[in-house]
Amino acid sequence: MKDKPPRIYIIDDDQVILLLHKLQVKKQGVFDQIHVFSYANKALEAILSLGGEDQKILIFLDLNMPEMNGWEFLTLLQKHAITLDIKVIIVTSSLSKSDKDRSLEFDRVIDFWEKPMVPAQFAKLKEKLGDWLF
């Protein structure tokens, strides 16, 4: 598990943002498997279907989405107590302090980014996660 990069899940209901974020992640050159989802419930199904696979997952999650928002996604992810090694970065247009504070309630959330993703955020992410990414 330690010798391969994490699977990447980008979850956002805005198709333009999905494309921009996928391109930004690809530019980093370290991620092989990038999965994009317009609906958080579909992403959750995909993650749960992995079962006990020995896999790392890095999720870039929007908060404001139809059907299932980012908070509901995080709650269900936590509820299912998945044994997968999952880290979540919230990527949102919300600048609300209450949203940022609420994100601290979830152990898997490691950062809170403003949309859109930019290279400087990835530089800090690489510093923060180091060997976990590779």
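Just so it is clear, the model here is predicted, and its values are computed rather than measured. Hydrogens, waters and symmetry mates play no part in the numbers below; they use all other heavy atoms, side chains included.
- Cluster annotation: Val88 is connected to Leu50 through the hydrophobic network of ILVMFWY side chains, with a link wherever side-chain heavy atoms come within less than 4.5 Å.
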Checklist line | Steps toward side chain to side chain contact (heavy atoms under 4.5 Å, CB included) verdict (Trp132, Asp85) | finding: CA-CA 10 Å; Trp132 188 86; Asp85 187 0; 2.6 Å; yes
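- The two atoms that bring Leu58 and Pro6 nearest to each other are N-CB, 4.0 Å, heavy atoms only.
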Check: side chain to side chain contact (heavy atoms under 4.5 Å, CB included) between Tyr9 and Ile47: does it pass, once the steps are laid out?
Finding: CA-CA 9 Å; Tyr9 285 73; Ile47 292 167; 3.9 Å; yes
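- Using a 4.5 Å cut-off on side-chain heavy atoms (C-beta onward), Phe122 and Val25 make contact.
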Next item on the list: Take Lys87 and Ile59 through the side chain to side chain contact (heavy atoms under 4.5 Å, CB included) test and state the conclusion after the steps.
Entry: CA-CA 6 Å; Lys87 298 187 185 317; Ile59 300 171; over 6 Å; no
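- For the salt bridge (Lys or Arg N to Asp or Glu O under 4.0 Å) condition, the pairs that include at least one residue of residues 90-100, sequence neighbours left out, are Lys97-Asp101.
- In this structure, the separation between CD1 on Ile90 and CZ on Arg102 is 9.0 Å, given to the nearest 0.5 Å.
- Cluster membership check: Phe60 does not share its hydrophobic cluster with Ile17, using side-chain heavy-atom separations under 4.5 Å among Ile, Leu, Val, Met, Phe, Trp and Tyr.
- For the atom pair NZ (Lys79) and CG (Leu44), the distance works out to 10.5 Å, reported to the nearest 0.5 Å.
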Note to self: Walk me through whether Arg7 and Gln55 qualify under side chain to side chain contact (heavy atoms under 4.5 Å, CB included).
What the structure shows: CA-CA 8 Å; Arg7 289 180 192 215; Gln55 181 65 56; 3.3 Å; yes
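- Grouping the Ile, Leu, Val, Met, Phe, Trp and Tyr side chains by contacts below 4.5 angstrom, directly or via other members, places Leu63 with Leu76.
- Remark: Ser98 engages Ser96 in a side chain to side chain contact (heavy atoms under 4.5 Å, CB included) (not counting sequence neighbours).
- Rounded to the nearest 0.5 angstrom, Ile8 CD1 and Ile34 CD1 are separated by 6.5 Å.
- Linking Ile, Leu, Val, Met, Phe, Trp and Tyr residues whenever their side-chain heavy atoms come within less than 4.5 Å places Phe112 and Leu74 in a single cluster.
- The shortest side-chain heavy-atom distance between Val109 and Leu104 does not fall under the 4.5 Å cut-off.
- Other residues sharing the hydrophobic cluster of Leu19, ordered by chain and number and joined by side-chain separations under 4.5 Å: Leu23.
- One N or O on the side chain of Glu72 and one on the backbone of Asn69 form a donor-acceptor pair closer than 3.5 Å.
- Remark: Leu77 CG to Leu48 CG distance equals 7.5 Å, nearest 0.5 Å.
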For residues 35-42, dump all side-chain donor-acceptor pairs below 3.5 Å to protein atoms at least two apart in sequence or in another chain.
unit_1: Ser38; atom_1: OG; unit_2: Gln15; atom_2: NE2; d: 2.5
unit_1: Asn41; atom_1: ND2; unit_2: Glu67; atom_2: OE1; d: 3.3

Enumerate donor-acceptor pairs with a distance under 3.5 Å from any side-chain N or O in residues 113-121 to protein atoms, sequence neighbours excluded.
unit_1: Trp113; atom_1: NE1; unit_2: Asp111; atom_2: OD2; d: 3.1
unit_1: Lys115; atom_1: NZ; unit_2: Asp12; atom_2: OD2; d: 2.8
unit_1: Lys115; atom_1: NZ; unit_2: Asp62; atom_2: OD1; d: 3.4
unit_1: Lys115; atom_1: NZ; unit_2: Asp62; atom_2: OD2; d: 3.4
unit_1: Gln121; atom_1: OE1; unit_2: Val118; atom_2: N; d: 2.7

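- A chain of hydrophobic side-chain contacts below 4.5 Å, direct or via other Ile, Leu, Val, Met, Phe, Trp or Tyr residues, connects Phe73 to Leu84.
- Separating the CG atom in Leu125 from the CG atom in Leu133 is a distance of 5.5 Å, to the nearest 0.5 Å.
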